[in-house]
Colleague: 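Have a look at the structure that comes next, please.
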Amino acid sequence: MHRDLLHWSRSPITLLLMLDCAPDDPQAWPSLIPGSHLWPTSEPSNGGGYWLDEAPEPELAGQAVKVPMNPGDVLVMDGMTYHSAGLGSPDRARVMVTLCLRTPDELTGEAGPNEQLVAGSIRYEGQPRWRRNG
């Protein structure tokens, strides 16, 4: 199980769009831990930090629940929620698209290499320590 980001201040809204799965196969459904978006952030270890097994209480994975999904269904969740994708099977693939939406980062003034501005504009506020007048 993982989170999509490490820190709540950059939390996106994550959308999981199920394109194809066996609706009667719970193995294909994603899992999430309800309320885990409110848990504290964890420090990265070995370049991680997104992973529940690196969090202070990895045994909380036992609180995960399966989310039944049919092809065409969309699961919308806070990106800080611990979750995992479902699995395919030898007989049938599980095909899902993940989309993350968040507000632009007003401190950098530009989109990252894997980001696309879909509406509005990026409002650059600058680094507070660089401001001269107010």
Colleague: With a 4.5 Å cut-off on side-chain heavy atoms, are Leu38 and Asp78 touching?
Modeller: no

Colleague: If you look at every heavy atom in Thr14 and Cys100, which pair is closest and at what distance?
Modeller: OG1-SG, 3.6 Å

Colleague: Can you get from Trp29 to Val95 by hopping between Ile, Leu, Val, Met, Phe, Trp and Tyr side chains that sit under 4.5 Å apart?
Modeller: no

Colleague: Say you draw a straight line from CG of Leu99 to CG of Leu101; how long is it, rounded to the nearest 0.5 Å?
Modeller: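 Atom-to-atom, Leu99:CG and Leu101:CG are 4.5 Å apart.
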
Colleague: Leu32 versus Met77: any side-chain heavy-atom pair under 4.5 Å?
Modeller: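 Of all side-chain heavy-atom pairs linking Met77 with Leu32, at least one is under 4.5 Å.
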
Colleague: With the 4.5 Å side-chain cut-off for hydrophobic clustering, are Val76 and Met96 part of the same group?
Modeller: no

Colleague: Could you check Leu16, Leu87, Thr98 and say which one makes a side chain to side chain contact (heavy atoms under 4.5 Å, CB included) with Pro30?
Modeller: Leu16

Colleague: Do Val67 and Leu15 share a hydrophobic cluster, counting only Ile, Leu, Val, Met, Phe, Trp and Tyr and linking them when any side-chain heavy atoms are less than 4.5 Å apart?
Modeller: no

Colleague: Looking only at heavy atoms, which two atoms of Ser31 and Lys66 are closest? And how far apart?
Modeller: OG-CD, 3.4 Å

Colleague: Taking the side chain as every heavy atom from C-beta outward, state whether Asp4 and Met80 have any pair of such atoms under 4.5 Å apart.
Modeller: no

Colleague: Has the side chain of His83 got a donor or acceptor atom that lies under 3.5 Å from a matching backbone atom of Met1?
Modeller: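 Not a single qualifying donor-acceptor pair exists.
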
Colleague: Side chains of Leu52 and Ile33: closer than 4.5 Å at any heavy-atom pair?
Modeller: yes

Colleague: Can Ile13 be reached from Val74 by stepping across I, L, V, M, F, W or Y side chains whose heavy atoms are under 4.5 Å apart?
Modeller: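 Yes, Val74 connects to Ile13 through the hydrophobic network.
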
Colleague: If I compare all heavy atoms of Trp39 with all of Arg3, which pair ends up nearest, and what's the gap?
Modeller: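 Of all heavy-atom pairs spanning Trp39 and Arg3, the closest is O-NH2, 3.2 Å.
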
Colleague: Using atom types as modelled and distance alone, determine if a side-chain donor or acceptor of Ser36 lies under 3.5 Å from a backbone N or O of Tyr82.
Modeller: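 Yes; judged by distance alone, with no hydrogens or angles, the pair exists.
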
Colleague: Nearest 0.5 angstrom please: Asp73 CG to Leu19 CG, how far?
Modeller: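 These two atoms lie 11.0 Å from each other.
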
